[in-house]
Amino acid sequence: MNRTIDPHEAAEKLREQINRHNRSYHQLDDPQISDAEYDLLLRELQILEATHPELITLDSPTHRVGAPPLKIFEEVSHVVPMLSLNNAFNDEEVIEFDRKIQEKLDQDSIDYIAEPKLDGLAISLLYQDGVLVQAATRGDGKSGENVTENIRTVRDIPLRLTGDFPPLFEVRGEVFMAKNSFEKLNKRAEEKGEKLFANPRNAAAGSLRQLDSKITASRALSFYCYGHGEFPAGNLPTNQAALLKIFKKWGLPVSSEIETISSIEGCIAYYKNLESRRPTLDYEIDGVVFKLNDFSLQNIMGFVARAPRWAIARKFPAEEAVTKLLDIDIQVGRTGALTPVARLAPVFVGGVTVTNATLHNLDEIRRKDVRIGDQVIVRRAGDVIPEVARVVLDKRNPSSTPFHFPEQCPICNSTVEKMAGESVARCSGGLFCPAQQKEAIKHFASRKAMDVDGLGSKLVEQLVDQNLIQNVADLYILQLEQLSSLERMGKKSAENLIAGLEKSKQTTLATFLFALGIRDVGEVTAQTLANHFGSLEAIKTADEAALLETADVGPVVAKHLMTFFQQPHNLEIIERLRQEAGIRWDDVTLGENSSQPLQDKIFVLTGTLEKFSRDQAKKLLQLLGAKVTNSISRKTDYLVAGENAGSKLEKALKLDITILDENQLSELLRKP
DNA sequence: CTACCTCGAGCTCA
DNA sequence: CTCGAGGTAG
């Protein structure tokens, strides 16, 4: 059989074969060839691509075996935010959800879509001309991590779609690991004496966070899609059911458990049914989701805060386990608040090993009458913080006594105070209390505050314990030699810390204000105060009336601010930070009402910029309130095109989007 | 709150 | 090899 084969043709043919087999295997669940034969085809294509690099396409199935390791994951913004869902923990809450919908919509009948809530990771997939071009994690909902290389190795996810799809759209779904894949993975790890994963969700999350996608490729991950993100309005079907249908037609995997249901009673029955079948499913679910089917009705319902009003997650009851309460520790927080923490005999519940659980406050302990030595029921549902639900009273040691809440701070012995009406007790020691010192310093150095690199919690503990520092001003007079007495502190680490401190000196007023750790002055309030007053001097000397003029600031916060700035000790530390350490910032220029002139404008950057890196440009734009995203859509306001701009430029031209060159960008940044 | 990944650096032992 | 810091996820 000696004939000349056109390599291009051969590659195309192999790809088509492989994609077809993928499809019959994953979507139709009807494998036509053995795994070995499949691997053979894949290897053939790999060889062909290796010898003819020009044949490699973005959607080639060989990408499923992994790409070269990344340095870090890039950040990508979600054009349409990825929201969370409101939860219902019982049928009443589901009925309430339906009632509100009925009330607002006034329809004869309402269709819901019911689907299993998979316990995995939410992922956004971007398809351009039917090819998977970007995959991102949920992140904070606004932007997540670019995990495209890893996602490409997930066999359930088509790299190329078939059919009639819009040129650019976003699919959302859940990546997860099937129970049996998880067991196989752990069994293999066990044989090799490696560490085991705690549960399928963590295994999936861990696999996806791998910088080397070859490792991800070796972990059988699965995917089901459940919705859309960015999607051209003209192409969007009228409802969720139809959307899922076309997704399926294009080759995207959709769970076969999803149903359209025309009453809330039906939804509740669906939940009961799935709950009973939960153990027989090959994947973990933590509940079911009900969504209003019709998109136009969804629009009418709108959103509350960070969740849609047209969907709800009915969660399965929290898992419970019995364990022994070994001890109750009292933690002292930054503000002196005493928080009792239950130390528990390790118990596996809800997929993790729980050893600590907060008891919130004294009232909570009294209400539940939790005593050291009790057998207690620990509860954990999904991302819910574990809690001590109740005591198993018949197992209580008859000689036990109620927990004695300390009257003195366990750290500094100062009197414990409890304000009438407040449920928290506080240590009155203020900054003389080492615990409060430590927490204040940790807060000061934390990422959202001064962001001192190299100064972690363990190091702060050591520094305070060894009397090297007592407050944040002391940090900046630390000498290299002093650090050498500390554990795990070599020359390099010490230098890194000093450099981290140095770097933190250039800051902003808002950041500094937040870092001071004034009660009730969080990130947002600090920013508002900085914008309103412009300088620290103005805030320091402001009277109550002036403070109250600031949005977000009420009598309580105003009082905290004034008290803070009245204490000589605080003023001294601030002076030292500014004079001695040299902490500096540019005062905010007042007057421009709109410090965010580009508020809500959506920018996309493409091509190479000369004067700044893309990240810098992004930061600068965001500083002015703009939103910087990665892909062009109808919503994009400006495209900044550098050298060698490619398809994005074309697309922007097509959509009639304003295009800026680098000079125009600089101009805009200077004078928005 | 727990679990996971990655990195740099310190520690330990040859 | 182990630890801490810093990041992610639910």
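Numbers restart at 1 for each chain; the letters A, B, ... are given by sequence-line order, proteins then strands. Here the structure is a predicted model, which is why all the values come from computation and not from measurement.
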Touch class at under 4.0 angstrom, heavy-atom based, for [X] against every strand present:
X: A:Phe197; value: sugar-phosphate
X: A:Gly454; value: sugar-phosphate
X: A:Ile72; value: nothing
X: A:Glu145; value: sugar-phosphate
X: A:Asp286; value: nothing
X: A:Thr358; value: nothing
X: A:Ala198; value: sugar-phosphate
X: A:Leu486; value: nothing
X: A:Asn199; value: nothing
X: A:Val349; value: nothing
X: A:Leu208; value: nothing
X: A:Ala357; value: nothing
X: A:Gly139; value: sugar-phosphate
X: A:Lys117; value: nothing

So, is [X] close to the [N] phosphate, meaning a side-chain N or O under 4.0 Å from OP1 or OP2?
X: A:Gln462; N: C:dG4; answer: no
X: A:Arg138; N: C:dA9; answer: no
X: A:Ser493; N: B:dG8; answer: no
X: A:Asn202; N: B:dT2; answer: no

Taking the side chain of [X] as its heavy atoms from C-beta onward, which of [options] lies nearest to it?
X: A:Arg488; options: C:dC3, C:dG10, B:dA3; value: C:dC3
X: A:Thr353; options: C:dG10, B:dA3, C:dT8; value: B:dA3
X: A:Leu121; options: B:dA3, C:dA9, C:dG7; value: C:dA9
X: A:Asn496; options: C:dG10, B:dA9, B:dT2; value: B:dA9
X: A:Thr137; options: C:dA9, B:dT2, C:dG10; value: C:dA9
X: A:Pro386; options: C:dA9, B:dA9, B:dC1; value: B:dC1
X: A:Asn356; options: B:dC1, C:dG10, B:dC5; value: B:dC1
X: A:Arg380; options: B:dT6, C:dG10, C:dA9; value: C:dG10

Query raised in the report: Counting only heavy atoms not in A:Glu194, do more than 12 sit closer than 6.0 Å to its CD atom?
Result: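 More than 12 heavy atoms, drawn from other residues, nucleotides or ligands, come within 6.0 Å of this atom.
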**Report entry** Aromatic ring pairing A:Tyr127/A:Phe169, orientation class (parallel under 30°, perpendicular over 60°, tilted between)
**Finding:**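 Ring orientation, 0 to 90° scale: parallel.
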Report task. Look at the rings of A:Phe97 and A:Tyr112 and say which category their plane angle falls in: under 30° parallel, 30 to 60° tilted, over 60° perpendicular. Result ->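 Tilted: the ring planes of A:Phe97 and A:Tyr112 meet at 30° to 60°.
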For [Y], is there any backbone N or O sitting under 3.5 Å from a side-chain donor or acceptor partner on [X]?
X: A:Gln479; Y: A:Ile477; result: yes
X: A:Asn150; Y: A:Thr153; result: no
X: A:Lys179; Y: A:Leu281; result: yes

Specify the separation, in whole Å, of atom [atom1] of [X] and atom [atom2] of [N].
X: A:Gln331; N: B:dC1; atom1: CD; atom2: P; answer: 7 Å
X: A:Met450; N: C:dG6; atom1: CE; atom2: C1'; answer: 19 Å
X: A:Met489; N: B:dC11; atom1: CE; atom2: C1'; answer: 15 Å
X: A:Arg209; N: C:dG10; atom1: CZ; atom2: C1'; answer: 13 Å
X: A:Glu495; N: B:dA9; atom1: CD; atom2: P; answer: 10 Å
X: A:Asp453; N: B:dG8; atom1: CG; atom2: P; answer: 13 Å
X: A:Leu70; N: C:dT8; atom1: CG; atom2: C1'; answer: 15 Å
X: A:Leu497; N: B:dG8; atom1: CG; atom2: P; answer: 18 Å

Requested in this report: For A:Glu487 and for A:Lys195, locate the closest nucleotide of DNA chain B by heavy-atom distance; then report the residue assigned to the nucleotide nearer the 5' terminus.
Outcome: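 Looking at the nearest nucleotide for each, A:Lys195 comes out on the 5' side.
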Query raised in the report: When the nearest nucleotide of DNA chain B is assigned to A:Val354 and to A:Ser207 on a heavy-atom basis, which residue is associated with the more 5' position?
Result: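 Nearer the 5' end of the strand: A:Val354.
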Query - Reported CZ-to-CG distance for the pair A:Phe444 and A:Leu516, which is rounded to 0.5 angstrom - result: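 The CZ atom of A:Phe444 sits 7.0 Å away from the CG atom of A:Leu516.
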**Report entry** Test ring pair (Phe, Tyr, Trp, His ring centres under 6.0 Å) applied to A:Phe290 and A:Tyr271, step by step
**Finding:** CA-CA 10 Å; A:Phe290 306 125; A:Tyr271 166 83; 7.5 Å; no
